[in-house]
Amino acid sequence: MIKVILWDIDGTLLNFKIAEKVAFFACCKDLGIQNTTEEMLGRYSAINHIYWQKLERNEITKKEVLEGRFIEFFTKEMDLVKEKKSTLLLPQNGKTIEEIAVAFNAEYQKKLGDTSVYNPYGKEIVEACQGKYKQYIVTNGTSTAQHRKLKNSGLEHMVDGWFISDEIGIEKPNIGFFDAVWAKIGPYKKEEVLIVGDSLTSDIRGGNNAGILTCWYNPDGLPNLQKEPVAYEITDLKQIEDILEKEERL
Ligand SMILES: [Mg+2]
C-alpha cells in the first residue's frame, strides 16, 4: 500500500515547455537580445537537455549547467549568424558572451518560476491525494526557480514538503538525494513510496536506485531507449488513481 508520493514538478505536475518558452523570450527582451525565433528556442532547449543529462551523470557541476548552456547557445548562434542561418542580434554594449550568459541565467531563474501552468489533471491529482497520502516534491531545479514555482502554482500549500537538489547539494538520480528525503520523512518501507516523474534518467532511475516504486509519466508515448525498469507507465496523470487503488488491493 502506498503511503508516500514523491512528485517531480517540471514536465510532470507542471508544464515545463510553456514556462521555458515564456522565460526564454522574456529574458531576451529584457536583455536587449533581438530577432529571436522559435527555432532558436528549440536549439537552446536541445542544448539545455544535454547539459542536465550530464549533470545527472555527475559529469559537470550545476554552475556549469546553468551558465554553460547559455554560453554554448549564444556561441553557436553567433556561428550560425556568420553563416546567415540565424538572425539573433546580441546587444552592442561591449559585454562578452560569457557575461551575457551569466546575466541571462540570473534573470532566467526568476522568470522560469513566474509561469506555472499545470499539466492536465496535475492540480486535481495532488488535491485528490491530500489527506490520504503524504506528498513531497522532489526536483532538480534551482532554489530560486523552484520556490517561485511552488508559490505561484499553489503547490506549497498542497504538499507536505519539498526537496530541491540545489538545497540538498546532490541531484536525482543519485542515492544521496533520496537519503536526504528519508532522513526527513522516514521511516517508510520502500514499497510504500511511489515516485512519479517524466524523466527516465533522473526520476525513474533515481526511484530504482532508492528501491521504491516508480511511475513514468510519458504523455508523448516516448520509447524507453535506456531500457530503464519502470513499475508503472502512464500517459495521463489521472491514471495514478488506478495505480494507488491497485496497490491498495495488493
Ligand atoms: Mg521532470
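Counting from 1, the numbers follow the sequence of the chain as shown. Each ligand, and each atom within it, is numbered from 1 in the order the structure gives.
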For Phe163, run the side-chain contact (heavy atoms from CB on, under 4.5 Å) check against Asn140, Ile185, Ile137 and tell me which one passes.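 That would be Ile185; it is the only one of Asn140, Ile185, Ile137 passing the side-chain contact (heavy atoms from CB on, under 4.5 Å) with Phe163.
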
Is it true that Lys62 and Glu171 have a side-chain N and a carboxylate O under 4.0 angstrom from each other?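 Answer for the salt bridge query: yes.
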
Under-4.0 Å salt bridge between Arg57 and Glu59: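 Yes, charged N to carboxylate O under 4.0 Å.
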
N, O or S atom within [X] nearest to the Mg ion (ligand 1), by name:
X	answer
Asp10	O
Asp8	OD2
Asp198	OD1

I'd like to know: is the Mg ion (ligand 1) within the 2.8 Å range of an N/O/S atom from Asp203, strictly under that distance?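 Given the 2.8 Å cut-off, Asp203 does not count as a ligand of the Mg ion (ligand 1).
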
Are the aromatic rings of Phe104 and Phe73 close, with centres under 6.0 Å apart?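 So the answer is no for these two rings.
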
